[in-house]
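Proteins come first, then strands; the chains are lettered A, B, ... in the order of their sequence lines, and each starts at number 1. Remember, predicted model here, so these are calculated numbers, not experimental data.
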Protein chains: 2
Amino acid sequence: MTHPYASDYPIFYVTVDVVLFAIADGSLQVLVVERGEEPAGWALPGGFVNPDEDLRDAAERELAEETGVRPGDLPLEQLATYGAPDRDTRYLKPPAHARVVSVAWLSVLPELVQPQAGTDASSAVWRPVAEVLEEGLTFDHHRILRDAVARLQAKLDYTPVATAFLAGEFSLAELREVYEVVWGRELDPGNFQRKVRVADRIVEPTGRLRSSGRGRPAELFRPTVRAADVWRETGSG
Amino acid sequence: MTHPYASDYPIFYVTVDVVLFAIADGSLQVLVVERGEEPAGWALPGGFVNPDEDLRDAAERELAEETGVRPGDLPLEQLATYGAPDRDTRYLKPPAHARVVSVAWLSVLPELVQPQAGTDASSAVWRPVAEVLEEGLTFDHHRILRDAVARLQAKLDYTPVATAFLAGEFSLAELREVYEVVWGRELDPGNFQRKVRVADRIVEPTGRLRSSGRGRPAELFRPTVRAADVWRETGSG
DNA sequence: GCAAAAGTGTTCCAGGTACACCCATGC
DNA sequence: GCATGGGTGTACCTGGAACACTTTTGC
């Protein structure tokens with residue numbers, strides 16, 4: 001058998017891994033896939049970059065495959081690139097002699113979509129981030145997830161990304177819960193109201209109300225920017 | 001002729017590019033190399049990642065080759081990874097069929113070291129960032145430089161990276177000039193004093209004085225953290 | 001009425017900005 | 001002395017934190 005590609009240089013496989021967050025049951029969740037083959041265990045969803053595909057496009061494709069969401073409808077930010085020589089030893093032996101460099105991406109979904117049993121019949125499930133960080137992930141995905149959580153917490157401060165966790169119209173109490181879950185601490189409801197209402201480019205009122213059962217009905221809001229645009233990219237492509 | 005490496009997958013070449021900043025003549029400078037071969041023009045210093053080398057190690061090696069500074073003595077932060085399929089077309093033709101993915105890094109030097117005429121006899125020179133951004137760079141290096149400047153400006157706010165632009169002991173006026181040059185605006189000298197003195201983890205007094213000719217002599221300070229440690233990495237490896 | 005959740009008002013404090021002012025040197 | 005740059009004091013403003021209080025619903 002012959003190999004269609006040949007090189008005078010060592011082979012690098014380039015992959016993308018996606019850290020996909022959502023909120024459910026009052027805690028931050030991450031989509032992970034169960035690996036049957038060695039190394040067995042849980043891992044982040046990801047895959048090879050196609051020959052003529054931009055890095056961002058590869059991440060969008062992975063995201064769409066896992067969630068069924070149309071590419072371009074979710075926020076997607078480049079996190080970092082991980083390429084220690086021994087981070088994935090699966091292809092080190094002949095004939096590939098390849099090491100794997102992975103570009104990690106960060107995204108947010110407004111709800112727990114049922115993971116698609118896609119072309120690769122992946123067994124993707126949502127799990128609480130806290131549990132996953134405790135039990136670990138294969139490869140260096142534990143580190144990637146840690147970095148992703150830190151980035152998400154930081155970006156909540158100065159981008160409207162929190163709105164990407166919510167679908168359609170939402171109350172400020174629901175938005176506040178996003179911040180509380182991601183930051184792991186409670187916020188003052190009154191101060192939160194003012195801050196979000198006054199801030200430009202986060203939410204705008206719809207004029208409609210919704211009652212949550214008991215208590216005064218809440219005003220409803222929608223995001224000022226599309227979910228896919230909550231992050232202004234600095235680097236990618 | 002045979003090629004030692006073969007693959008069933010398309011070939012990716014993985015490189016590192018380094019955006020190296022310094023301050024001279026009252027403006028922000030960047031180290032660029034002149035390319036003789038096509039595409040001719042100015043480019044960022046960079047090169048291939050070696051087979052058994054971590055990405056960070058490759059960036060440190062490039063940095064050391066260009067500056068002569070010992071690896072590990074300079075701050076080095078991963079910026080982003082750039083991998084558009086057409087960003088470097090030099091190897092697209094047979095037999096390589098390779099595209100190039102580049103991991104960009106950001107560093108700061110305390111002075112204009114004479115660029116080393118290293119093994120590759122590179123013709124590296126320092127040039128003002130403003131000029132370079134105006135005239136452009138080859139490949140997508142213009143975009144990388146823009147992203148790097150934005151990152152540097154942001155990090156100045158909440159990391160002690162400004163001290164990495166200065167060698168040995170320095171006055172607060174010298175440190176203030178770093179901020180003024182990078183941010184492109186003047187700062188109030190009095191307020192700057194207080195803020196930097198009060199802030200933890202930026203500078204500590206040496207107790208010595210230095211006269212700049214006229215006026216009251218200035219107290220001298222040294223960085224609280226080593227230049228190589230001014231950035232706490234979130235992602236790399 | 002009472003409980004609960006939404007939303008507003010008010011007070012306090014920390015940190016930034018503007019700018020007046022004093023200090024220590026060279027000439 | 002005067003000019004020059006280093007360094008301090010102070011008044012003002014803004015934005016966040018704490019928390020009392022009012023509004024609007026279900027029961």
Side-chain angles (χ1 to χ4, degrees), chain A residues 23 26 153-160 162-163 166 168-224, chain B residues 23 26 153-160 162-163 166 168-224:
Chain A
I23 287 177
Q153 289 174 333
K155 289 262 167 175
L156 225 55
D157 230 355
Y158 57 97
T159 71
T163 59
L166 300 169
E169 304 183 348
F170 48 83
S171 71
L172 295 188
E174 290 166 336
L175 183 61
R176 176 164 48 84
E177 207 209 335
V178 171
Y179 282 85
E180 291 178 334
V181 164
V182 173
W183 282 345
R185 63 188 177 88
E186 299 200 336
L187 300 177
D188 182 280
N191 293 334
F192 184 83
Q193 287 261 349
R194 244 187 315 263
K195 181 171 172 180
V196 171
R197 281 172 186 271
V198 167
D200 209 24
R201 319 251 77 203
I202 300 186
V203 296
E204 53 194 35
T206 65
R208 289 141 47 90
L209 300 179
R210 181 202 292 155
S211 174
S212 62
R214 51 192 178 290
R216 174 174 168 177
E219 281 186 54
L220 292 181
F221 295 79
R222 65 173 145 262
T224 300
Chain B
I23 286 178
Q153 289 174 334
K155 288 262 167 174
L156 225 55
D157 230 356
Y158 57 95
T159 71
T163 59
L166 300 170
E169 304 182 348
F170 50 83
S171 70
L172 295 189
E174 291 166 335
L175 183 61
R176 176 164 48 85
E177 207 209 335
V178 171
Y179 282 84
E180 291 178 336
V181 164
V182 174
W183 282 344
R185 64 189 177 89
E186 300 200 335
L187 301 176
D188 182 281
N191 293 333
F192 184 82
Q193 288 263 349
R194 244 187 315 261
K195 180 171 171 179
V196 171
R197 282 172 187 271
V198 167
D200 209 24
R201 318 253 77 203
I202 299 187
V203 295
E204 52 194 33
T206 66
R208 287 142 49 87
L209 301 178
R210 181 202 291 155
S211 174
S212 63
R214 47 192 180 291
R216 172 175 170 178
E219 281 186 55
L220 292 181
F221 295 79
R222 66 173 145 261
T224 300

Exercise. Is it true that atom CD of Gln153(A) has more than 12 heavy atoms of other residues, nucleotides or ligands lying nearer than 6.0 Å?
Worked result: yes

Problem set entry | Atom pair distance, as rounded to whole Å: CZ in Arg176(B) and P in dG5(D) | 10 Å

For this session: Using whole Å, report how far CD of Gln193(B) lies from P of dG9(D).
Result: 12 Å

Problem set entry | Carboxylate-amine/guanidinium contact Arg185(A) Glu180(A), below 4.0 Å | no

Exercise. Rounded to whole angstrom units, what separation is found between the CG atom of Leu220(A) and the P atom of dA6(C)?
Worked result: 11 Å

For this session: Send over the distance from Asp157(A) CG to dG15(D) P, rounded to a whole Å.
Result: 15 Å

For this session: May I have the distance from Glu219(A) (atom CD) to dT24(D) (atom C1'), rounded to whole angstrom?
Result: 12 Å

Report all side-chain donor-acceptor pairs from residues 212-219 of chain A shorter than 3.5 Å, counting only partners two or more places apart or in another chain.
unit_1	atom_1	unit_2	atom_2	d
Glu219(A)	OE2	Arg197(A)	NH2	3.3

Seminar exercise, completed: Per-nucleotide protein contact along nucleotides 16-26 of chain C, 5' to 3', at a 4.0 Å heavy-atom cut-off (B base, S sugar-phosphate only, - neither), is -BBB---BBBS

For this session: Would you classify Arg210(A) as touching base, sugar-phosphate or nothing, given that sugar-phosphate means primed atoms plus P, OP1 and OP2, and contacts are heavy atoms under 4.0 Å?
Result: nothing

Exercise. Where the side chain of Glu174(A) meets the backbone of Ser171(A), is there a donor-acceptor pair that is under 3.5 Å apart?
Worked result: yes

Problem set entry | Residue pair Phe192(B) / Leu175(B), side-chain heavy-atom distance below 4.5 Å | yes

Problem set entry | Approximate separation, where rounding is to 0.5 Å, of Arg201(A) CZ and Thr159(A) OG1 | 13.0 Å

Exercise. Between dA18(D) atom P and Glu186(A) atom CD, what is the distance in whole Å?
Worked result: 12 Å

Exercise. Between Phe170(B) (CZ) and dG6(D) (P), how many Å, whole number?
Worked result: 14 Å

Exercise. Within this structure, what is the CD-to-C1' distance between Glu174(B) and dG7(D), rounded to whole angstrom?
Worked result: 16 Å

